[in-house]
Every structure is written in structure tokens, then in C-alpha cells.
K.L.:
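Below is one structure. I have some questions about it.
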Amino acid sequence: MVEDIDPTLLEKTKCERKNVLPDLPMAKGNKVIMRVAPGPSGPLHLGHTRVAILNDEYVKRYDGKYINRIEDTNPERIDPEAYRMIPEDLEWLGVDIHQTIIQSDRFELYYDIARRLIDIGQAYVCLCKPEDMRQCKEDSVACPDRDQSPEEANELFDRMLSHDFGEGEAVLVIKTDIHHPNPAVRDFVGLRIIDSVPHPKTGSRYSVYPMMNLSVAVDDHELGMTHVIRGKDHLNNTIRQEYIFNHLGWEKPLYFHYGLVSIPDAILKTSTIGEGIHTGEFSGWDDVRLGTVRAMARRGIQSEAIRNYWIDVGMKEVDIEFSWENLYAFNKQIVDKTASRYFFTWDPELIDIVGVDRIEAHCPIHPDHHDLGCRDHTLTAPLKVYMTREDLNEFKQRGSIRLKDLCNLRWDDGKATYAGNDISVLKEGWKIAHWSPPNSIPAKVFLPDGTIRKGVAEPISIDEQGKVVQFERFGFARIETVDPEVTAFFAHT
RNA sequence: GCUCCCGUAGUGUAGUCCGGUCAAUCAUUCGGGCCUUUCGAGCCCGCCACCCGGGUUCAAAUCCCGGCGGGAGCACCA
């Protein structure tokens with residue numbers, strides 16, 4: 001039955017899942033312009049990759065334009081290194097950025113728009129204390145400054161710009177609807193004053209900073225954004241930003257909000273990581289215990305796996321829990337095809353083998369690609385190999401074991417005794433174990449939980465440095481060094 | 001408290017707009033089997049889900065109402 005069907009029809013593999021993302025409604029003609037808008041508080045982490053990749057997928061599908069907009073309008077939360085690290089991370093993710101915009105280059109633009117909002121009576125300078133302002137919003141009452149004329153507002157705004165006010169003394173507020181049923185949407189701050197910390201890029205040249213709702217609205221319009229995809233946490237920001245679009249008669253982009261992602265067991269907070277690096281708790285932004293993009297790369301997680309994962313998850317508004325398991329499954333699909341196989345023996349015990357003088361072992365580098373050749377080991381008398389303590393114990397208990405690609409052994413008179421090399425013993429139920437030759441070198445595998453697995457590994461080609469290998473019966477790991485000791489970072493089983 | 005969003009198996013997802021072809025898709029996990037010189041990969045089989053209650057209808061995962069549950073926002077952060 002099945003044989004009658006064209007076999008190529010059955011070859012559809014799971015990695016071929018493509019374009020599961022629904023089409024985007026085309027708003028303005030067919031040239032899509034989209035953006036990713038990270039704040040430069042540190043490098044990108046797993047949470048950022050969803051927005052970066054979702055947007056990238058659509059830009060690629062529609063041959064659109066992709067803008068990386070660095071949102072550095074809060075000088076208190078900027079790591080200058082992030083300006084360099086974020087583009088690196090995006091590049092590693094395979095995201096094609098066509099233009100990079102830095103918001104701190106655009107203060108004058110935000111001031112211009114602020115003036116226009118003032119001129120049309122949709123913005124005012126509020127001199128209230130933050131607590132009073134909060135109370136006004138809660139009670140749906142206008143603050144005393146709300147009815148100032150554009151002239152008065154312009155004058156006050158001038159004074160803001162010329163440092164007449166200190167930090168916290170004045171803000172430019174964008175009008176929405178003071179009676180809006182959603183308290184989160186009522187009049188919101190568009191620009192504020194910060195003069196206590198200099199900006200890493202502009203120093204103290206500007207002390208009036210736009211709030212993200214203003215700068216985002218202005219830039220989304222100025223840059224011609226057609227579609228905006230971002231997390232649900234921005235739902236209320238979208239409503240606020242739409243007020244600015246409406247005030248100024250701008251055509252709005254189409255907004256999409258995906259659900260929140262909680263990533264279990266991941267250290268993501270940049271401030272926590274930054275502190276940890278400072279105190280020496282973490283080795284750096286790429287410490288394998290972290291959830292940063294750099295840490296993923298270091299562990300041998302392929303960017304394509306992260307991409308496939310997010311495509312699979314899609315753009316639904318439901319909140320989800322990130323599944324490491326699924327990510328690892330996607331990664332395994334990719335790395336299993338090419339990863340060289342090596343023996344890493346943890347908790348190693350060096351044992352003597354009697355009853356044979358010489359064995360030549362030819363262990364395939366990859367079980368499915370024999371053309372890649374073998375790892376060849378010649379063992380001569382007195383024969384010794386490393387086994388894991390666990391395997392050795394099982395060997396003693398069962399009285400027999402097969403060492404993969406080497407030979408069969410029996411436990412006779414308290415000695416590991418050569419028992420030929422006939423693999424048919426496996427059919428008789430013999431267990432199979434891996435081993436390492438006596439010329440193995442010390443090896444350490446760093447696991448994401450912070451633990452280190454120590455042992456020995458057979459000599460590994462220098463070409464494997466930086467690549468993902470499979471330590472048989474242990475898991476996939478990315479090789480960092482091969483000499484004088486092997487160090488590797490664990491990806492998954 | 002107020003506003004908004006959401007609720008399909010352990011996890012993620014398709015289907016929900018335009019009711020029937022959905023005794024519900026795919027992936028992953030888990031269990032079993034085959035194969036096999038990895039406790040890997042591959043192949044095969046299996047388990048597990050439409051939050052609850054009403055209503056409309058010949059027919060509801062899909063529409064309506066009410067509950068319940070989860071999340072977010074209500075910042076001079078992004």
C-alpha cells in the first residue's frame with residue numbers, strides 16, 4: 001500500500017515547517033516597514049528574540065524594510081556597551097537590519113513635535129508634584145495647568161529647555177481624555193527633565209528627555225512604520241500613542257500584540273546580570289547560566305533554532321511559558337546532522353584490559369556520514385581505557401559489557417578480560433558503554449545550572465573549536481578549547 | 001478598585017472572524033515497539049485537551065449571556 005505512493009511525498013520532515021505565521025493585513029500599499037526597538041540597558045536576551053525574529057520574518061516575507069531603533073531616552077538605564085552589543089546580537093540572530101536609528105540623535109525632532117502639540121492645544125506644561133498628578137489622574141480631574149493657553153505652554157516649555165526648572169519640577173503632558181475609563185490612558189507625560197545624570201551619548205547637552213510614548217509615536221510616524229509587532233505589555237502604550245497620531249492627523253501603523261512570555265529558570269534582568277558581572281559572580285554577559293543571546297550562542301544553541309521556536313509559537317495574545325524542551329528539540333534537529341561525535345568520560349576510572357595486546361579502534365565521526373572518517377585509536381599492551389564509574393560498576397555487576405567501537409569485555413577473576421569484537425553480543429542483551437583512550441586529556445563541561453562536569457575526553461581536533469559536538473551518551477555541547485584541556489559548554493541532551 | 005487582554009492535551013500550536021468536513025492539527029514530552037556498535041538519530045504505535053454553566057441552533061471549540069481562572073496596565077521605565 002504505502003509502497004505504491006511516491007516516497008518523496010512522505011519525506012516531509014518536521015524541520016520543514018515554514019510560514020506558519022499568518023499573513024499580515026496590508027495597510028499601506030505593499031511596502032512594509034517594521035522595527036525592533038530595544039532599550040540599551042544591556043545586550044539582548046531570549047525575551048527580546050521573539051520580537052526581533054517575528055518582525056524579521058515578516059520583513060523578509062514581504063521584502064520590506066527593517067529598522068533597529070535604539071531607545072536611549074532614559075539616561076539612568078543605559079549601558080554604553082549596549083550600543084555595540086545589540087547590533088551584534090541581532091546579527092547573530094540572522095536578523096537583517098536595514099537602518100539603525102538612535103533616539104538620542106533626535107532630541108530636536110521630539111521638541112518640534114512637542115511644540116506642534118502645544119500649538120494645537122494638545123499639550124501643556126505641568127508643574128504639579130508627581131503625587132498630585134497621579135491623584136488627578138486617578139480622580140479624573142484636570143490639573144490646574146491643563147487649561148493654559150498655547151502661548152503660556154510654549155513659554156513654560158522654553159523655560160524647561162533653558163534649565164529654568166530642575167529635575168521633577170516640570171513636565172510636558174500630552175492631553176488624552178481626562179475622563180477616559182481606563183486610568184492608564186488619561187493625560188500622560190511626554191517629556192521630562194533629567195539633569196542629575198549625563199547621557200552617555202549627548203552628555204548634558206539636553207536635559208529635557210522625551211518619554212517613550214512620545215518618542216515612539218514620533219519615530220513610528222517619521223520612519224513610516226506600517227506594522228508594529230510587540231508584546232502585550234505595550235497594549236496601553238499603544239492607546240496612548242494613538243492619541244498622538246490622532247492629535248496630529250497622522251496615519252497609524254497596524255498594531256499587533258503577542259502575549260507575555262515567562263521564561264523559567266532564566267536569568268534575564270540586565271541590572272541583576274550587570275551587578276553579577278561586577279561582583280565576579282558571572283564571568284560576563286555570555287556566562288552560560290544566563291538567558292542572554294550571547295549565552296545561547298556560547299552554549300551552541302543555533303540562531304535558527306531560536307527562530308524556528310518563535311515561528312512555532314506564533315503571535316497569539318495568550319501568555320505563555322517558554323519551553324526549553326521545545327527549543328532544545330529544534331536545536332537538536334539542526335546540530336544532530338553535523339555534530340561530530342566524541343567520547344567524554346565523566347567520573348573516569350582507568351581500567352586494565354587483559355587478554356589482548358593490541359586493538360585498533362575506528363570510531364565514526366558521525367554515524368550517518370561515514371565519509372567524514374573516523375577517530376582512530378590504537379591501544380597497545382598494557383591496555384588501559386577510561387570508563388565512567390557508573391559504567392564500570394554495571395560492568396562488574398553484569399559480568400559483561402561492550403565498549404562501543406572497541407571490543408567486548410567480560411569481568412573474570414576481578415579483571416576486565418578481552419572477549420572478542422563480535423557485535424552480535426548486543427542481540428544477546430549486552431549493554432554498551434563508551435570509553436576514552438589512555439591518551440585522553442582532562443575535560444570540563446560547564447552546565448547551564450552552574451555545575452561543572454569533570455572527566456577526560458579523547459583528543460579533539462582543533463577544528464572543532466567553536467563548534468557543537470555530541471559527547472556520546474552525554475549530550476551536545478559547544479567546544480571552547482581543546483588544548484591543554486577540553487572545555488565545553490553544554491547545550492542539551 | 002478601575003481599564004484592557006486572554007482561556008484547546010505536561011508544554012507550545014492549528015482550528016474560533018465566515019457554526020457542520022473537529023469523536024479536534026502539528027511539534028515536543030511521556031509510555032511501548034522496531035531498528036541500531038550512543039540512554040542519540042530515524043521509523044511505528046499509544047496516552048493526554050476544546051475552563052465551567054446556561055442559551056441560540058437540526059448542528060457550537062466556533063455565536064450570545066453569566067460565572068470562574070490567568071495576565072497586563074493604572075510610572076516624570078522601556
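This one's a predicted model, so the numbers in the text were calculated from it and none came from an experiment. Proteins get letters first, then strands, A, B, ... in listed order; numbering begins at 1 in each.
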K.L.:
Please classify the nucleic acid contact of A:Val318 as base, sugar-phosphate, or nothing, using heavy-atom distances under 4.0 Å.
P.N.:
sugar-phosphate

K.L.:
Could you state the atom-to-atom distance from CG of A:Leu260 to C1' of B:rA72 in whole Å?
P.N.:
7 Å

K.L.:
Looking only at atom C1', what distance separates B:rA23 and B:rA59, rounded to whole Å?
P.N.:
15 Å

K.L.:
Using atom P of each nucleotide, how far apart are B:rC74 and B:rG10 to the nearest Å?
P.N.:
34 Å

K.L.:
Assess the side chains of A:Glu458 and A:His377: does a donor N or O sit below 3.5 Å from an acceptor N or O?
P.N.:
yes

K.L.:
Can you work out whether A:Gly314 or A:Asp319 has the more 5'-proximal nearest nucleotide on RNA chain B?
P.N.:
A:Gly314

K.L.:
Once pairs are restricted to Watson-Crick or G-U wobble with both distances under 3.5 Å, how does RNA chain B read as a dot-bracket string, [ ] for crossings and | for other-strand pairs?
P.N.:
(((((((..(((.......[.....))).(((((.......)))))....(((((..]....))))))))))))....

K.L.:
Under 6.0 Å from the ring centre and within 45 degrees of the ring axis: does the NZ or CZ of A:Arg410 meet both conditions for the six-membered ring of A:Tyr418?
P.N.:
no

K.L.:
For A:Thr49 and A:Trp310, does a side-chain donor sit closer than 3.5 Å to a side-chain acceptor?
P.N.:
yes

K.L.:
Within the 4.5 Å heavy-atom criterion, are A:Lys201 and A:Tyr83 side-chain neighbours or not?
P.N.:
yes

K.L.:
Does some side-chain heavy atom of A:Asp220 sit less than 4.5 Å from a side-chain heavy atom of A:Val228?
P.N.:
yes

K.L.:
Between C1' on B:rU37 and CG on A:Leu403, what's the gap in Å once rounded to a whole number?
P.N.:
11 Å

K.L.:
Flag the pair A:Ser340 / A:Glu464 as yes when at least one side-chain heavy-atom distance between them is below 4.5 Å, and no otherwise.
P.N.:
yes

